[in-house]
A.B. asks: 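The structure under discussion is supplied below as structure tokens; questions concerning it will follow.
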Amino acid sequence: MERYRRGELYGIAAEFETVEDLRAAAIRLFDARYRKVHFYTPYPVKGLAGMFRGMNDWVRYLLVSPLIFIGGFVGAATGIAMQEYANLIDFPINIGGRPLNSWPAFIPITFELTILFASFGGVLAFLVLNRLPQFYHPIFNARDFERATQDRYFLCIEVEDPKFDWQKTRALLEATKAVLVEEVPW
Amino acid sequence: MSEAPLIGPSETDASITATVSHLALRKHAGIGWFAGVVFTFSLVLLLFYGIAYLFIRGVGIWGVNIPVAWGFAITNFVWWIGIGHAGTLISAILLLLHQKWRNSINRFAEAMTIFAVMCAGMMPLLHLGRPWMFYYIFPYPDTMNMWPQFRSPLVWDFFAVSTYLTVSIIFWYIGMIPDLATLRDRAPKGISKYVYGVMAFGWRGDAEHWERYEKTYLVLAGLATPLVVSVHSVVSFDFAVAQLPGWHSTIFPPYFVAGAIFSGFAMVLTIAIPLRAVFGLQALVTERHLENCAKLMLTTGLIVDYGYLNEFFLAWYGNNLYEKFHEFATATGAYWFAFWIVILCNVGVTQLLWFKPMRIKPLPLFIISILVNVGMWTERFVIVVTSLSKDWLPSSWGMFFPTVWDWVIFIGSLGLFTFLYFVFLRLFPIVPMAETRKLVHGESE
Amino acid sequence: MSSMKRYDFDSIRERLRGTQGEELWRSLDELGDTEEFREWLMHEFPAGADVWLEGLSRRGFLKFAAASMALAGLTGCANQPFEPIVPYIDQPEGRPSGEPSWFATALPRRGFGTGVLVKSFEGRPVKIEGNPDHPASLGATDAIIQADLLGLYDPDRSQVVRKGTSIGTWDDFSREFVPVMERQRLAGGGGVRLLTQTVTSPTLRAQIESLLRIFPGARWHRYEPVNRDNVYAGTRLLFGRPLEPRYHFDRADVVVGLDSNFMTDDPGAVRYAREFSDRRRVDDPETSSMNRFYSIHSNLTVTGSMADHALPRKPSLIAVYARALAQHIAGVGGGIELARDDAHWIDVAARDLMAHRGRALIIAGEGQPPPVHALAHAMTAALGGIGSTVTYSRPVTDPESNVDSIRELAHDLDGGGVEVLVILGGNPVYDAPADLEFARRLAKVPMSVHWSLDEDETASKCRWHVPASHPLESWSDLRAWDGTTSIVQPLIAPLYDTRSAHELIGTITGSPMHGHDIIKGFWRTFGPVRALLPPSPKAGGAPLAPNPAAEGAFASWWRDTLARGVVAGSTEPDVAVTSDPAAIARLLGEPWPAIDESAIDVAFEPDPSILDGRYANNGWLQEVPKPITKLSWNNAALIGPDLAQRMNLANEQVLEIAFRGRTIEAPAWIVPGHADRAVTLHLGFGRKAPAQTAEGVGFDAYPIRFSDSMTFTSGADVRATERRRDLVSVQHHNTLAGRDHVRAATLDQYRREPDFVREPEKEPKHDETMYPPYVYPRYAWGMSIDLNSCIGCNACVMACVAENNVPIVGREQVERGREMHWLRIDRYWAGPLENPSTFHQPMLCMHCEDAPCEVVCPVGATVHSSEGLNEMIYNRCIGTRYCSNNCPYKVRRFNFLRYSTRGDEVMELMYNPDVTVRMRGVMEKCSYCVQRIERARIKADNAERPIADGEIVTACQQACPAQAIVFGNANDPQSKVKKLKDQKRDYGVLTELNTRPRTTYLAKLRNPNPELEKG
Amino acid sequence: MCNAQIDVAQLFSRPGSININILLAIFLIGGPVLTLLLLWVVYNSPWRTLQGKPIPQPVPFSHEHHVAGLGIDCRYCHTSVETSSFAGIPPVHTCMSCHSQVWRNATVLAPVRESYISGIPLHWTRVTDLPQFVFFNHSAHVNHGVGCSTCHGRIDRMQMTSKAVYMQMRWCTNCHGDPARFLRPPDQVMNMAWIPPPNQHAAGQKLIGDYHIDTTHLMDCVTCHR
């Protein structure tokens, strides 16, 4: 049917009952030189992503911490700048005979702002790098996929994968312990 | 290892998912929940009534006066903030310490944090003489060319508490995204499905996402840890920076933080014990969870007790007339009863936790946790009020007596807290499913 | 909380045994000992907690403040409403708008004139200050004069003519009243009676005399509930004629008071206080000297609290001690049994007196019977005091007995035949002697007219009540106790349709005139510079021959007199009197009443704040804490510790005091230093007049005050009940708890160790700080308060209230600890319980250079000025109250509710336009009268010159009769304040906190007689 | 458990060409910023501050006519401007001193005549109104080189008098913080047309000395708030 016409297809997904089966299948795909493979699990499973991680995936993975650091740095700078400017430049005023630049008293606010901006950095990193929110995604077309967030384990090979050939690939997947193999349309 | 299991042996991915999401998705939450909501909401109405009258007439409706210019409002503030500490501690510090047992309880502990901080944040606002001018505390380009006075601990408070609230919410929400996805996928077709769908940000459990998710979560935990310590230190500065005998003390920051965690865990237990009974979560919130909380209470409790001891010791050792008199007046003066309640609850009762049965048996533990909550609130009261009632010049000594309106605000805030909690229980995954699934599979961070 | 705390006084005494002299009560050391002692010392807020449990009742403070609008402050960010601006039609000469102008006038205190200067903005009097040219003021005032400003704007003032309960007009009144008088005139006026208070006004006296000429049969009665009968009777007894004594404390080295409260009760009190404290200033330990004051008194008053040696004895006993003293001085035989210590005390005092011939003074209190007065004068005379420490002059008012006068009136009323009774001021229904049953008798008068400022108890009992004009809004003249006369000129047109006494008499005599014409007319006729030739004594209203030659002279004299506030040369000349040495013996020979040692005396005293009750509606005076007891909105039965112990009484325990079948109930209040076996009742409270400030405040002592025992009685029966009535006190802790906020020594100690106030181990050196030194190049405002001169009267507090628009908060709020006074007077006791020494310490913002309050304010609402002022900016304040918590002196005050009376169009007139009226929810405190500083600065700047020393006078400093407060520029080595701060006695409170207060104190000194100082 | 099998397919429809996340971001960040901006504009707009808006008065008095036209000195009417905190509103007597001769029957002046006869003062409306917690003293400014027009604008060009500046504390501190920019020599104070000379700052500094202005005190709170 035209639904299978090339370019209309996102990839082929396979559903597994246990994480072990998924791992086994993953290894076979790796050996078969597949690279554009995605895994969908109800809880973080170590190592899966690492196997097929491409260049830009690595970048996106490593970018998390720097973004958070930048956030924190900006926060600290804001805190110090604001307080010094207010007390020394904009409105210097004798308060309780304390020095205008009572820097020890400025530490708490600087610290809090550091944390605040850093965690903003964290959220930003998390959302941007994961391209979230992303309400529409072809993988949701996979039948039974709602269980990927509950108790089933999915993988999906994209058609973009150089090795992709929907006959062979499908056969390869059916050879695994997959309980269900199907095309995932765009 | 001989430790009691963190999770029931029979639990599977499916069973966890089913139990937890059922709580949020079921049609009818049961008469108990409904009754609870109605009751607590009536308390919320009481709070609003109290606040309305407060704004119309002024803080004079409370018992505050000169010299005791701070009363219940600040007491509540410090107490609520303290309560708020356990949540972040569980989710952040214990995460960093690879304490797996945190996994099943951190969600509602974090919720507790957020609601507690909300109640706390409300208090300083209400206690202002001119609450409608609260924005003078913000640094913004105003028409007066003025700035907040950055040397004032109250300004530090403002920054600390708002930061704490924001970070807690972020932390809580990010941790909840996968579970919201679960709810999205389990919810029957209808509005709720879309709501969960939007809240889940389109999470699909992609392994790549999981990796970055865990990394972010870990770093956030790293940030939240110093934050949680800083917040109550800053709150303690409100007192430590002032020069009143009984306030001006360098031990306050650690002693406040410990007290905060102490009361925080008390509140966690006060909530967890009925929760697991009512919602049948014994398999997820096991005796070992209770015991660990109990142990933490004992530890922090002992630190607090040390704080008390230290105050008296230093008063005697420093041989400062005012300090000595203050300690004496605290123990035997007009507010002796409050002081001895503190000693009874925070020093006496805590020691029961040395005995294992007390740590694992729900009922005694529940009672102890209640007593500790009472004790900690009273401690805040003693710190705020007794120091003020007798300071330097005998001529200006005076007494504070709460009025009905003081109680209305306090009880109202309790109502607000529990009401928000009931709402949370109904709509959100109260146990982090993804994390508990990890436990099933024995995955470790 | 309602259980009563009883004290085990034995244990308390045990603690205090050994502590004596200046050693202050060390509560801390004793705290461990007994529950009772701690209760006594720490006095945990006995005033009931019940107030706290109920919500706010409207009564009490809402009377002063309408319920505030919700979020009134939000209007701050909305647009300002349009404000009208209204010019004069014709601007008065030389009076630019926006600048204050000053007028000299006089105000009556118990009928005697006190010269004042009144500050007025656009025709609104806003502040009363003393007139330096006036002998009874010397530039200062007492609390009552200060508070009389509120009397003018008092919303409770009588505003309309009333007939019974219905409102009438002056015309209605004249229409009914004048014909009646006309009939009386034809009948010879036998049915007319006039009742006045003390009258010193020459014009009024002349008017009344002419009235008596028109109504030959009429009688004029005088009644003053607290009067000087005993004084005049005493002088009459000794000199054969009534005389007004004028004491000269500036010439007295040794003073003995016999139950005398000359610093606040005498007509010359303000001057006496000044002269007395002038003799106690010690600028240089070597050269300066101090007078020595022995006081035998029953109740501890302001005066008694200044004594170097006090001897608290019940009033009836004081005559005995007076005689004992007299015997020593006259060197005649004994026959008087005194306890050994007392005998010694008298002996020492007597020798001290005799050692200072010509510089000694014995002064008897108004409450003591005439013989004691006679004895006092005789002793002073024997010691050569006449002409030196005391002089005499003709009384300026009628010296014969007030009591006899009103007794006659009462008798006449009973006999019927009194058709018309005009009550010209006063409130006899309330304060006449109980046995006269004045109310009942008043009812028999068909035409009774009551002229008064208040619609009081008498007003409701009279056929007509007509409203009086306040002295600040009417023309009149007054004489001080020494005869000095002042013209009273109005500062403002009457706020309501009221009339002055002069105008009323005019109405009565059928010749209504404006007050101005009456007064000016009188002085044209009888003044020193006469523009008219006086009428011949015969012809009643014969026309006066004009004297055009003198018109100009009179006009200028009139102008000058008004400007100066004193009629030149009007002071009464001294009367030469002699008292032969035998006088004492003769007096001692008189039959003296036997004293029942065991009986309990009940003494009636004027209240320190509201006097005999005439100021009961004055919220300022009701609220200001009484000097010794620190009670507010209350009076109490004051008792000594011994009596409390014997009767096992507790504070606030209700006593039943029965006398001649009449009983009153009064809550007890234990006053250390109060005489044993004596109960002191303050008059003026327990008012019945409805819907007024004073209604239901305190208890009424008049019902047991009989015409034969006006000042004290020994016959009363005092019973304790188990009931309890809350009293509101603003100071709950009476000791220094072992602290050194008050530092004191004896003169000898000071001479031996001039540095006794220094505490090097505690006070940080000036460079001992982590903070950078802020320099105050031009002015460094500072204040110095001399604890040695301060007598603890409330003049400064009232002055501050008037100057700074400090609101009244009402009884309930004071009980909650929310009084708003920027300046309070702390009172501490030290030494033995039954006879402690008293310390008064005015406490106000210290304007610390390193102010703890400023550092903790989150919005910078309180910061430091370039001249070292601790500024409080109300419009920036959001009310966290953190500053108050961190203020070691607790001198900050907070508007917990809407206390200001903004919006009340009459009260608004009273506000000082130079000071912001604070809204609900903001902090406030003493500003060193910054508005006065700024006015002086602008004046100086416009003239391109620096501000001179003494140019800025704070309100408290200005009002202080003892001149204990000095303000100025501490940078200027020549300034008065700097010189005082350089004295060795100068110390700061709580300097160990490194607050660097700009307000410092001069340590208290006493000058005890070595022979009496035990140990 | 039971409903785990139902087919969800896509919960949300396929996105169009535009990226809703971007829209979301713009909305979440831009929204508040715009609102605040709008509020700020409204807050400072003449519509609220009445800046430059003629205030209705009982008599349409024209400063332009009296000052520019007739060249009457400010102090003729505002007599106490140099001696008092309050510049002074002319008593009706002052008006009548001329208007008893000129414009005797002008209808616009009827209220003035009535007031003069009846003795009921005119009720003008304040143009420049300060809150009760701000204390301003004309003499202190006029005697130290602060010109009328600095605060009141070109009064001599005002047909109907209106607020020249919207006085916020920021505006006051603008000069109190650095008076040199605004001070004039004594003879220029009443000059409406005065514009700062090129060397104003130097001149101003000198004037501060000549007037003995204590600049440290100028920024003290109590200078204006008491």
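These numbers come from the heavy atoms of this one structure, side chains and all, not from hydrogens, waters or symmetry mates. A note on names: the letters A, B, ... follow the listed sequences, proteins ahead of strands, and every chain is numbered from 1. None of these values were measured; they are calculated from a predicted model.
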A.B. asks: With a 4.5 angstrom heavy-atom cut-off, is it the side chain or the backbone of His144(D) that approaches chain C, or both, or neither?
C.D. replies: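 Just its side chain gets close to chain C.
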A.B. asks: Between atom CD of Glu871(C) and atom NE2 of His225(D), what is the distance when rounded to the nearest 0.5 Å?
C.D. replies: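 Nearest 0.5 Å value for the CD-NE2 distance: 9.5 Å.
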A.B. asks: Please determine whether the number of non-hydrogen atoms from other residues, nucleotides or ligands lying under 6.0 Å from atom CH2 of Trp102(C) exceeds 12.
C.D. replies: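 Result for CH2/Trp102(C): enclosed.
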A.B. asks: Does Asn875(C) use its side chain to pair, donor to acceptor, with the backbone of Phe133(D) at less than 3.5 Å?
C.D. replies: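 Flag not set: sc Asn875(C) to bb Phe133(D) has no pair under 3.5 Å.
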A.B. asks: What part of Arg876(C) gets closer than 4.5 Å to chain D, counting heavy atoms only: side chain, backbone, both or neither?
C.D. replies: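 For Arg876(C), there is no contact with chain D at all, as no heavy atom is under 4.5 Å.
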A.B. asks: Between Val222(D) and Ser927(C), is the side chain to side chain contact (heavy atoms under 4.5 Å, CB included) condition met? List the steps.
C.D. replies: CA-CA 9 Å; Val222(D) 291; Ser927(C) 66; over 6 Å; no
A.B. asks: Quick check on Pro777(C) against chain D: is it the side chain, the backbone, both or neither that has a heavy atom closer than 4.5 Å?
C.D. replies: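 When you check distances to chain D, no heavy atom of Pro777(C) falls under 4.5 Å.
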A.B. asks: Check whether more than 12 heavy atoms from other residues, nucleotides or ligands sit under 6.0 Å from atom CG of Leu70(D), and answer yes or no.
C.D. replies: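 Above 12, so yes.
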A.B. asks: Taking Glu99(C) for the side chain and Ser85(D) for the main chain, is one N or O donor matched with an acceptor at less than 3.5 Å?
C.D. replies: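 Yes, Glu99(C) side chain to Ser85(D) backbone: donor-acceptor pair under 3.5 Å.
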A.B. asks: Given the options Thr223(D), Asp214(D), Val142(D), Ile55(D), which has more heavy-atom pairs under 4.5 Å with chain C than any of the others?
C.D. replies: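 Most pairs with chain C among the choices: Asp214(D).
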A.B. asks: Do the non-hydrogen side-chain atoms of Ser139(D) and Ile938(C) ever get within less than 4.5 Å of each other?
C.D. replies: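 They are in contact (side-chain heavy atoms under 4.5 Å apart), so the answer is yes.
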A.B. asks: Out of Glu944(C), Arg918(C), Gln931(C), which one racks up the most heavy-atom pairs below 4.5 Å with chain D?
C.D. replies: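 Ranked by contacts with chain D, first place is Glu944(C).
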A.B. asks: Who among Arg126(D), His123(D), His212(D), Met96(D) has the most heavy-atom pairs with chain C under 4.5 Å?
C.D. replies: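 Ranked by contacts with chain C, first place is Arg126(D).
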A.B. asks: Would His217(D) and Arg778(C) count as a side chain to side chain donor-acceptor pair (under 3.5 Å) if you check the C-alpha gap in whole Å, the side-chain angles of each, and the deciding distance to 0.1 Å?
C.D. replies: CA-CA 10 Å; His217(D) 179 67; Arg778(C) 269 181 100 194; over 6 Å; no
A.B. asks: Looking at every heavy atom in both Thr916(C) and Gln132(D), which two are closest together, and how far apart are they?
C.D. replies: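 For Thr916(C) versus Gln132(D), the nearest heavy atoms are CG2-NE2, 3.5 Å.
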A.B. asks: Above 12 or not: heavy atoms from other molecules or residues under 6.0 Å from OH of Tyr771(C)?
C.D. replies: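 No, OH of Tyr771(C) has 12 or fewer neighbouring heavy atoms, counting only those of other groups under 6.0 Å.
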A.B. asks: Heavy-atom distances under 4.5 Å only: say whether Ile213(D) touches chain C with side chain, backbone, both or neither.
C.D. replies: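 Contact with chain C involves no heavy atom of Ile213(D) at all.
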A.B. asks: Do you know which two heavy atoms are closest between Asn942(C) and Ala140(D), and how far apart they sit?
C.D. replies: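 In this case the closest contact between Asn942(C) and Ala140(D) is OD1-CA, 3.9 Å.
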A.B. asks: Should we say atom CZ of Arg104(D) is surrounded by more than 12 heavy atoms from elsewhere, each under 6.0 Å from it?
C.D. replies: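 Incorrect, the count does not exceed 12.
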A.B. asks: Is the number of heavy atoms from other residues, nucleotides or ligands under 6.0 Å of Trp40(D) CH2 greater than 12?
C.D. replies: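 Incorrect, the count does not exceed 12.
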A.B. asks: Heavy-atom distances under 4.5 Å only: say whether Ser865(C) touches chain D with side chain, backbone, both or neither.
C.D. replies: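 Both backbone and side chain of Ser865(C) come within 4.5 Å of chain D.
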A.B. asks: Measure the CZ-OH distance between Arg226(D) and Tyr874(C) for me, rounded to the nearest 0.5 Å.
C.D. replies: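 Going from CZ on Arg226(D) over to OH on Tyr874(C), the span is 11.5 Å.
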